[in-house]
Enquirer: 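If you scroll down you'll find the structure; I have some questions about it.
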Amino acid sequence: MAYNALETDRFLDEFTKRHPHMPEFHQAMADVAEDVIPHINARRNENEARILRYLSSPDRVISFRVTWQDDDNRMRFNQGFRVQYSNAMGVYKGGLRFHPGVDASVLHFLAFEQTLKNSLTGLPMGGAKGGADFDPKGRSDAEIRRFCQAFMTQLARHIGPDIDVPAGDIGVGIREIAWMFDQYRTVTGHFSGVLTGKHPTFGGSCFREEATGYGCVYLAQEVMKKRGDGLEGKSCTLSGAGNVALHTARKLIDCDAKVITLSDSDGFVRFPEGIGRETLEQIADHKAQRGRLEALAGEEGWEFHSGEKPWSVPADLAFPCATQNELKESDARCLVENGCDAVFEAANMPCTSAASRVLREAEVILVPSKAVNAGGVAVSGMEISQNRMRLRWPVERVDEELRKVMTDIHEACLEFGEDSRGVDYKRGANIAGFSRLAQVIDYYGVS
Ligand code: GLU
């Protein structure tokens, strides 16, 4: 039978016409299309071709004004969003981000990534992402609390335990989740599992805070094992100093790897001998008080590099844990020149397209966010299950399930990404995430 092959350039041109002025969304879609389209064409799969087009737009985009009062009693306005990308596999699921860089393009990219990531976990979750262009930096606790309440007053009507279950992301931690959960309860009168990442005292899963960083290291262990190697003694550069970076660092140290950098938006700190658990906890306490890394500069064995990123520091492995597009082409060249073996994308899409290309051409192993940071949302999925059953699993159980999810993700990457030249983790994760979702959508008769 005749098969109309999909052309990647044409597909992306049509996509850009439908979604103009969305550079991050375009980048995420192009990254997936370049792996998935050749796979679909090789199998001459007309249904999957139609499903890829179907998935190039979200189910629904909700946009709303958030009006809140600052400490000087002035009314302030921010833009809030929820992009409900696909609930084909389960309730919409994905975090909320409060950051001045949030806009429709960033949330479309994050929601699309989340959809494929959630599919990759093997748990029954759809994909979504939301947030606001609110900057918590410099705001008092009372202002952040009022913002959270105002945000949830608007969002509450669009979410629910059978509809959409948000969680945290950049700028939204356990404290903000508590304030939003309280507001949801107040506005709707329902005490339900409408958010994940809650404190365990009111329905949160233990281990949710650790999950993204620990999951990242579990996956890194699998990748190293596949190469006949381990993490012991490996020097690791990390960016960021938030939840993901700190928990990745903790687990790496437990595995006897050497964590030699952390960063925030002011610059990076280098620990030439590797950081110990005690110092890491000191930094975590300082960050929990919303302190800057620079304030700790001058401590013994610390070097603070103002305004710089850590990618010029020679290391065996790199873990970008901060934000999208933080690792540029020139940074990738530095990594290659310094003989970096692998890059684990712990943040969402931290490598620019040009950086990914440089790494792949130099045969540096690039393990994509969808796989690397899926542990966070996986434990969110377990939190949903526990809320449904009204019970709490012990740490050991959650940790064991998390490890299994990460091992399965590694297997899925091999299934679609391994050939005689080695393992292409990006291709593997993209095709595995897409194929599982396409199978479901096929049953619905979209094709
Ligand atoms: N924001 C996290 C992510 O990027 C977690 C989302 C969730 O737990 O729902 O995957």
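The figures that follow rest on heavy atoms only: side chains count, while hydrogens, waters and symmetry mates do not.
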Enquirer: Can a donor-acceptor pair be found between the side chains of D399 and Y218 at a distance below 3.5 Å?
Expert: yes
Enquirer: Taking all heavy atoms of A371 and all of C413, pick out the closest pair and write down the distance.
Expert: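 Taking every non-hydrogen atom into account, CB-SG, 4.2 Å.
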Enquirer: If we ignore angles and hydrogens, is there a donor and acceptor under 3.5 Å between the side chains of S57 and H19?
Expert: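 Present: a donor and an acceptor within the cut-off.
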Enquirer: With no hydrogens and no angle check, do the side chains of H26 and T16 hold a donor and an acceptor under 3.5 Å apart?
Expert: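 The criterion, which ignores hydrogens and geometry beyond distance, is satisfied for T16 and H26.
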Enquirer: Hey, which of V223, I365, D341 is the one that makes side-chain contact (heavy atoms from CB on, under 4.5 Å) with L317?
Expert: D341
Enquirer: Go through the side-chain N and O atoms of S265 and R292 and say whether any donor and acceptor fall under 3.5 Å apart.
Expert: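 A donor-acceptor contact under 3.5 Å links the two side chains.
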Enquirer: Backbone N or O of N118 within a donor-acceptor pair of the T121 side chain at under 3.5 Å?
Expert: yes
Enquirer: Would the Y425 and H410 ring centres measure less than 6.0 Å apart?
Expert: yes
Enquirer: With a 4.0 Å cut-off, would you call E345 and K370 a salt bridge?
Expert: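 The answer is no: the pair does not qualify as a salt bridge.
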Enquirer: Look at the rings of F416 and H39 and say which category their plane angle falls in: under 30° parallel, 30 to 60° tilted, over 60° perpendicular.
Expert: perpendicular
Enquirer: Are any of the side-chain nitrogens in R360 or E34 under 4.0 Å away from the carboxylate oxygens of its partner?
Expert: yes
Enquirer: Under 4.0 Å between a side-chain nitrogen and a carboxylate oxygen: does that hold for D169 and R97?
Expert: yes
Enquirer: Tell me if the centroids of the rings in F134 and F151 come within less than 6.0 Å of each other.
Expert: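 Not under 6.0 Å, so no.
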Enquirer: Can F25 and F15 be said to form a ring pair (Phe, Tyr, Trp, His ring centres under 6.0 Å), step by step?
Expert: CA-CA 10 Å; F25 188 27; F15 172 81; 4.8 Å; yes
Enquirer: Take atom CZ of R65 as the centre, draw a 6.0 Å sphere, and report whether it contains more than 12 heavy atoms from other residues, nucleotides or ligands.
Expert: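 No, because the 6.0 Å sphere around CZ of R65 holds 12 heavy atoms or fewer from other groups.
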